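Before any comments, here is the structure.
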Protein chains: 2
Amino acid sequence: MATRTIASWASELQYSTLPTPVIRAAVRSFYNLAGCTIGGSNHEATAIAHKTLAPFFGAPTSCILGSQSNTKTDAQHAALINGIASHVHDYDDTHLDTIIHPTGPVASALLAYAEYLSSQSKPVSGKDFILALVAGIEVECKCGLAVWPNHYDVGWHITSTVGSIGAAVAVGKLLKLDTTSMQHAIGIAGTQVTGLREMFGSHTKSFHPGRAAQNGLLAALMASNGYTSSETALEAKRGWANVVSTKVDLDGQAKTLGKVWEIEKNAFKPFPCGIVIHPIIDGCAQIHREHGLDVTKIKSVNCKVHPLVLELTGKRKPKDELQAKFSVFHGGALGLIYGKATPAQYEDAVVLDNKVIEVRDKIDAKADKDLLADQTVIVVEMQDGSKFEKKVEHAVGSLEVPITDEQLEEKFLDQSSHAVGQDKAKKASDACWKLESVSDMAQLASVL
Amino acid sequence: MATRTIASWASELQYSTLPTPVIRAAVRSFYNLAGCTIGGSNHEATAIAHKTLAPFFGAPTSCILGSQSNTKTDAQHAALINGIASHVHDYDDTHLDTIIHPTGPVASALLAYAEYLSSQSKPVSGKDFILALVAGIEVECKCGLAVWPNHYDVGWHITSTVGSIGAAVAVGKLLKLDTTSMQHAIGIAGTQVTGLREMFGSHTKSFHPGRAAQNGLLAALMASNGYTSSETALEAKRGWANVVSTKVDLDGQAKTLGKVWEIEKNAFKPFPCGIVIHPIIDGCAQIHREHGLDVTKIKSVNCKVHPLVLELTGKRKPKDELQAKFSVFHGGALGLIYGKATPAQYEDAVVLDNKVIEVRDKIDAKADKDLLADQTVIVVEMQDGSKFEKKVEHAVGSLEVPITDEQLEEKFLDQSSHAVGQDKAKKASDACWKLESVSDMAQLASVL
């Protein structure tokens, strides 16, 4: 019954019943995502995808965000390319209970299709967009929770495997699918299980949420025209959940829809890398700020971290930006040297800078299973024997120490200015904050 | 090393080294597939996909086969729609060791992209096409064998999960990718694991090979422009094989490339349904022909079948065409009543015909694990007490009793005439037989 329960909930969800904190979380999620997409728009991975796909572009209804020349393409390609850009700096949002980055697949599909609808004289308002975004993200995260952690442990990139389902539900909501059609949309999305963790550290990691956006969009469109799948796609014996995980609790999660809002548990990264590295960067940046230390005189840096940190991000000698995203050592070095970590500090030139390498090589990290994933203990010993110690209880960007709207705006402007310049970045930022009062999402997209 | 071994083999394969039986198998595989694609072109599933995707079509370089108005679209959509059509009647080819239907995903991607290349003044010859087709199908089937049977047992539709990899290798071969780029193409294709068996009996079953074709095409194109994935995508700890199967023998299979040709083990269906039903249809049709029995006077029909037959195709009371494909009882009834089974006998009107239902309901089948999958024993008892017994050792269409070129042509003409009329069907058939001597595949596609 889970597929039907979920489809029915999504079909019937109304804007008037959304709690205020949920709407606020949706606006912040979209705002952060738009900044990340613009910020990732001139990344190599995005550029290759754009160049590769250009010969196949259809009628230009939907913006490729951040592109200097305001390029438009068809909704399917916009969903794919914007989805890639959204994730390419590993700077997007995180549903902390599952490490899903929920907004990329859902919002990339939604925005592209909202623009298509506008081109058909059926404009989508900001409120309709928020409603669909919330429906998609809630379903996406509940599906993720239903198979977490086994699904991820086996080797699936959960952001995209559930992202396609979230995107299908969101676009299905825009299309006002009834419950049965929504079930079919979920099935068509669910059968496209995209994303192996083996791809981490390569361009294909960011392809995952992009393709998930496109898969979900396609699924909803096909279902809206009567393409059938299974009405028990999620829970059947050989359905999605049982095939992709050995431990499943779909019914338990489906029951909590509309009671426990997952979007309220969505966090925003202050640093453009895997979330498990954040405590180290945060702690090292605090030491930098508090002690203004001379990094050339560091003797050693010893950290204790949650075991997952080394499993996921244990790259000792990263050779480029993408590998550096998976190096807790690079993250620590950035904190100590610069007191911050933005996409600029992950560029190849910085990753290969001898000054950075020297500090990076002095950092050691040991797994400590008594620590939580957002905790760390850092001890910096200087050549003169002095020591600085920092315990991070909750990293900045966690739910306990959330990023403020001001910090979110700083992050937005920093990354989008690099891609489109300060003026455009400021205009885009202002427009995104006003999501609730937008009358036609295509107008908003045009300034992104 | 498996990914590299496979990529290297495919990159280096040359037409001049292909054994004659391999070329013959490739021509027959393409011929059969073209007929199936034309035959499936006016099916509801194909029509919905076409209608849904039309607003997103790009520059028209590639034919949607069989479409009355000679519609062209971009290569990606042509790959998807032709791939759907190729499988929608469950009439395509079968690699019997794995139940993979290998040609649909590979040829649909290849043909669409060959037409694109022709539009760029880079025509692809029939021989280049055959070479790429063989490379794709060999890799596809070796990957399938490496994870068979666990992968299928868990619930994956193996045709599409390996189909995307085969399509990527085939298109990569057309693009003359070097070994490293081919490895990346395999990774981008492999990370898109599309196809749950739960979808069997719905339109989405045929979506699988279509999407696999498109996934593979996209993967090869991205890799050709430098989009990176993993160079050990297939064999890594959390790579494709280990994530999608609990039992893996990639190295063992990779070693046999070019020594054991899988395409020679490709069989062609005489009946448009799951291959495990074929012995029953064959046996019942033989009884029909040999005894000309009056089906209204049947008392009972008792069959013994391989256990998989009932597991896969045990639908007792199919309600429409798609369900009838998974009913061994419907198949048996068709053999007894008509002495044959073509797509026409799977249309809803026949499935719901009382005369057919009456015979269908008299058929019983019991699992017998001593029988092979292509064997059956059928006992028809008439109301007057007389009995007809038939043991089928190997169903027609098996490797032991292969379909002849004449039977293949009869099948091609029967199904494609329904879609495009006899004249066009004959022209298409003649053109496909001449695959080896084609100078520009776009010219061949234009008569399909």
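The chains referred to below are lettered A, B, ... by the order of the sequence lines, with proteins before strands, and numbering in each begins at 1. Scope of the values below: all heavy atoms of this structure, side chains included, with no hydrogens, waters or symmetry mates. All figures in this text were calculated on a predicted structure; none of them were measured in a lab.
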> Can you find a pair of side-chain heavy atoms, one from S62(A) and one from K72(A), that are under 4.5 Å apart?
Replying inline: no
>> Do I84(B) and Y227(A) have side chains that approach each other closer than 4.5 Å (heavy atoms only, starting at C-beta)?
In response: yes
> Using non-hydrogen atoms and a limit below 4.5 Å, what part of residues 177-189 of chain B faces chain A?
Replying inline: G187(B), I188(B)
> Measuring heavy-atom distances to chain B, does T246(A) have an atom under 4.5 Å in its side chain, in its backbone, in both, or in neither?
Replying inline: neither
>> Between F56(B) and chain A, with a heavy-atom cut-off of 4.5 Å, which part of the residue counts as in contact: side chain, backbone, both or neither?
In response: both
>> By the definition side-chain contact (heavy atoms from CB on, under 4.5 Å), identify the one residue from D74(A), I81(A), I48(A) that meets it with L53(A).
In response: I81(A)
> Residues of residues 192-202 of chain B under 4.5 Å from chain A (heavy atom pairs)?
Replying inline: Q192(B), V193(B), T194(B), G195(B), L196(B), R197(B), E198(B), M199(B), S202(B)
> What part of H77(A) is in contact with chain B, defined as an atom under 4.5 angstrom from a non-hydrogen atom: side chain, backbone, both or neither?
Replying inline: side chain
>> Counting heavy-atom pairs closer than 4.5 Å to chain A, which one of L322(B), T232(B), T161(B), N242(B) comes out on top?
In response: T232(B)
> Of all of G190(B), A236(B), G155(B), which one pairs up most often with chain A through heavy atoms under 4.5 Å apart?
Replying inline: G155(B)
>> So E321(A) and H89(A), do their side chains get closer than 4.5 Å, heavy atoms only?
In response: yes
>> For chain B, which candidate among L218(A), N225(A), V244(A) shows the most heavy-atom pairs at distances under 4.5 Å?
In response: N225(A)
>> Does I64(A) form a side chain to side chain contact (heavy atoms under 4.5 Å, CB included) with N82(A)? I'd like the steps, not just the answer.
In response: CA-CA 6 Å; I64(A) 297 174; N82(A) 291 334; 4.1 Å; yes
> What closest approach, in Å, do L217(B) and A75(B) show between heavy atoms, and which atom pair accounts for it?
Replying inline: CD2-O, 3.8 Å
> Between R211(A) and N215(B), is any pair of side-chain heavy atoms under 4.5 Å apart?
Replying inline: yes
> What part of L234(B) is in contact with chain A, defined as an atom under 4.5 angstrom from a non-hydrogen atom: side chain, backbone, both or neither?
Replying inline: neither
> For chain B, which of G239(A), P55(A), S229(A) has the most heavy-atom pairs under 4.5 Å?
Replying inline: S229(A)
>> For H50(A) and F57(A), take the angle between the two ring planes, folded into 0 to 90°, and tell me which bin it lands in: parallel under 30, tilted 30 to 60, perpendicular over 60.
In response: tilted
> Are H208(B) and H87(B) an aromatic pair by the rule of ring centers under 6.0 Å?
Replying inline: no
>> Test salt bridge (Lys or Arg N to Asp or Glu O under 4.0 Å) on K237(A) and E311(B); report intermediate values, then the result.
In response: CA-CA 13 Å; K237(A) 181 185 168 194; E311(B) 187 190 327; 5.7 Å; no
> If we only count heavy atoms from C-beta on, is the W240(A) to I165(A) side-chain gap below 4.5 Å?
Replying inline: yes
> Is any side-chain heavy atom of L175(B) less than 4.5 Å from a side-chain heavy atom of Y113(B)?
Replying inline: yes
>> Quick check for you: among G58(A), S160(A), A49(A), which has the greatest number of heavy-atom pairs under 4.5 Å with chain B?
In response: G58(A)
> Which atom pair, heavy atoms only, marks the closest approach of S86(B) to G104(B)?
Replying inline: OG-CA, 3.8 Å
> Does the pair E231(A) and T3(A) meet the rule for a side chain to side chain donor-acceptor pair (under 3.5 Å), with working shown?
Replying inline: CA-CA 7 Å; E231(A) 293 180 16; T3(A) 308; over 6 Å; no
>> Can you tell me which of S224(A), A45(A), A233(A), A59(A) forms the most heavy-atom pairs within a distance under 4.5 Å of chain B?
In response: A45(A)
